[in-house]
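Presented below is the structure to which this report refers.
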Amino acid sequence: MGCWLAFCGCEKQGNDPARISKVPESFQFMDIGANTVMDSEVRDRLRGALGSDATDRSSTIDLELRYKGFLKTYYPDLAKLNQRLNVNDVVRKEYPATRLTFRNTRQRNTVFDYVEIIYGHASGCPLLIKMIAKNEIPDLIKTVTDKYGAPQKIPISEGKSWSLSWDKNKDVFVIARIIGRQNQPEYHMLIVYTNRLEQMLARSEKEEQQRGKPAGRIF
């Protein structure tokens, strides 16, 4: 039931669509999609389903899954986008975005051990959603497949595990089965709202260019 509720939302959107520019719809998690405004009502609903959250109002954005190099090996396009978001590997750039981190999800009888949602301040809409489950999730995978179609499947760890991915309107959804500690499988899930991230990067690059202009050219 938890899987069905998480990925078979009713397409509910935020309460203030007039103030944001729409992007194509793609993937949903708990009724949250590319055009959902993460207002207080949505955040309260998440806390009710997933438990308390930690909030970081000036967040770095890292698309990497489980270990560094995973995206470069299996999803090079996402690796390139991640490189644009994190040009400097030593000092991560902070963006005008809020990260909600849910670590006490087991108290809510959900399949997820960890959920992370990052949303941009300018749009109020999600940029990235990460989830981790440490138990087998066949029902969840079936639900996602029924809703979004057959995924692309990539064998990893010499065929001992695999990664599934869906693409829709430039956004990407990944479910990767990765062998963790004590040789136990972990399921790392990632929804990348590429259109929203591109909007944020374009805005950030424009602001940096404006800051770099000499005073004589500004006036």
Side-chain angles (χ1 to χ4, degrees), residues 1-9 26-30 32 46-47 49-54 56 59-79 81-83 85-86 89 92 99-118 126-168 171-194 197:
M1 179 62 71
C3 301
W4 187 88
L5 290 173
F7 293 102
C8 281
S26 58
F27 306 106
Q28 296 241 333
F29 171 75
M30 294 186 67
I32 296 170
L46 285 169
R47 294 185 189 106
L50 300 173
S52 61
D53 65 272
D56 181 357
S59 179
T60 58
I61 300 177
D62 187 3
L63 307 183
E64 196 62 84
L65 278 178
R66 186 65 168 80
Y67 58 84
K68 185 176 180 180
F70 179 89
L71 293 181
K72 185 177 180 180
T73 302
Y74 301 108
Y75 299 99
D77 289 342
L78 288 181
L81 177 58
N82 202 38
Q83 183 63 41
L85 291 163
N86 300 283
D89 289 334
R92 293 285 182 174
R99 181 199 313 270
L100 302 177
T101 304
F102 299 87
R103 299 180 183 276
N104 301 314
T105 55
R106 283 293 182 182
Q107 299 175 7
R108 292 297 192 274
N109 194 31
T110 175
V111 299
F112 305 107
D113 294 84
Y114 173 90
V115 175
E116 173 186 315
I117 300 174
I118 300 177
L127 306 168
L128 167 73
I129 301 177
K130 286 185 176 181
M131 300 143 277
I132 300 175
K134 293 183 179 178
N135 291 331
E136 300 293 343
I137 51 171
D139 292 341
L140 186 151
I141 294 171
K142 182 180 185 302
T143 298
V144 175
T145 300
D146 289 345
K147 186 169 185 180
Y148 300 119
Q152 177 186 6
K153 186 172 183 177
I154 301 174
I156 60 177
S157 301
E158 298 179 346
K160 296 178 182 178
S161 288
W162 40 257
S163 183
L164 308 176
S165 65
W166 294 260
D167 295 89
K168 186 175 181 181
D171 295 345
V172 182
F173 187 177
V174 176
I175 301 178
R177 183 183 191 272
I178 300 173
I179 302 301
R181 295 178 181 177
Q182 300 179 344
N183 206 36
Q184 295 299 310
E186 298 176 357
Y187 291 86
H188 292 256
M189 289 158 271
L190 171 69
I191 299 177
V192 180
Y193 293 105
T194 306
L197 285 169

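Hydrogens, waters and symmetry mates are skipped; everything else that's a heavy atom, side chains included, is used.
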Given L190 and V192, is the side chain to side chain contact (heavy atoms under 4.5 Å, CB included) satisfied, shown in steps?
-> CA-CA 6 Å; L190 171 69; V192 180; 3.6 Å; yes
Enter the distance from [X]:[atom1] to [Y]:[atom2] here, rounded to the nearest 0.5 Å.
| X | Y | atom1 | atom2 | result |
| --- | --- | --- | --- | --- |
| F27 | W166 | CZ | CH2 | 8.5 Å |
| L164 | M189 | CG | CE | 11.0 Å |
| I154 | S161 | CD1 | OG | 13.0 Å |
| L81 | L71 | CG | CG | 9.5 Å |
| I178 | S157 | CD1 | OG | 7.5 Å |

Does some side-chain heavy atom of W162 sit less than 4.5 Å from a side-chain heavy atom of Y74?
->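 The answer is no, as the side chains (C-beta and beyond) never meet within the 4.5 Å cut-off.
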For [X] versus [Y], what's the shortest heavy-atom pair and its separation?
| X | Y | value |
| --- | --- | --- |
| L63 | L78 | CD1-O, 3.8 Å |
| D62 | K130 | O-NZ, 2.8 Å |
| I61 | N82 | O-OD1, 3.9 Å |
| S163 | F70 | OG-CZ, 4.1 Å |
| I179 | N183 | CG2-OD1, 3.2 Å |
| K168 | S26 | O-CB, 3.5 Å |

Could you give all pairs that pass the side chain to side chain donor-acceptor pair (under 3.5 Å) test and reach residues 185-194, with sequence neighbours left out?
->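 Output for this query lists R66-E186, E136-Y187, R177-Y187, E186-H188.
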With Y75 via ring-ring contact (aromatic ring centres under 6.0 Å, His included) - residues at least two apart |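 By the ring-ring contact (aromatic ring centres under 6.0 Å, His included) rule, Y75 matches no residue at all.
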Which residues pass the ring-ring contact (aromatic ring centres under 6.0 Å, His included) test with Y114, sequence neighbours left out?
->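 Y114 satisfies ring-ring contact (aromatic ring centres under 6.0 Å, His included) with no residue once adjacent residues are dropped.
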Indicate yes or no for a side-chain donor-acceptor contact from T73 to the backbone of G69 under 3.5 Å, with no hydrogens or angles considered.
->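 Indeed, once roles are kept as given, a pair shorter than 3.5 Å links the two residues.
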Within the side chain of E116, is there an N or O that forms a donor-acceptor pair under 3.5 Å with the backbone of R99?
->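 Not at all, since once roles are kept as given, no pair shorter than 3.5 Å links the two residues.
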With sequence neighbours left out, write down each residue that passes salt bridge (charged side-chain N to carboxylate O under 4.0 Å, His left out) with [X], or none if nothing qualifies.
| X | result |
| --- | --- |
| K142 | D146 |
| D171 | none |
| D167 | none |

So M30 and L50, side chain to side chain contact (heavy atoms under 4.5 Å, CB included) or not? Walk me through it.
-> CA-CA 10 Å; M30 294 186 67; L50 300 173; 4.1 Å; yes
Step by step, work out the side chain to side chain contact (heavy atoms under 4.5 Å, CB included) result for Q28 and K147.
-> CA-CA 10 Å; Q28 296 241 333; K147 186 169 185 180; 4.1 Å; yes
Assess the side chains of R103 and S52: does a donor N or O sit below 3.5 Å from an acceptor N or O?
->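 No pair is found: no donor N or O on one side chain lies under 3.5 Å from an acceptor on the other.
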Going by the side-chain contact (heavy atoms from CB on, under 4.5 Å) test, name the single residue among T101, N104, V115, L100 that passes it with D53.
->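 Among T101, N104, V115, L100, the one that satisfies the side-chain contact (heavy atoms from CB on, under 4.5 Å) with D53 is L100.
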Can you list the steps and then say if L65 with V174 is a side chain to side chain contact (heavy atoms under 4.5 Å, CB included)?
-> CA-CA 10 Å; L65 278 178; V174 176; 3.9 Å; yes
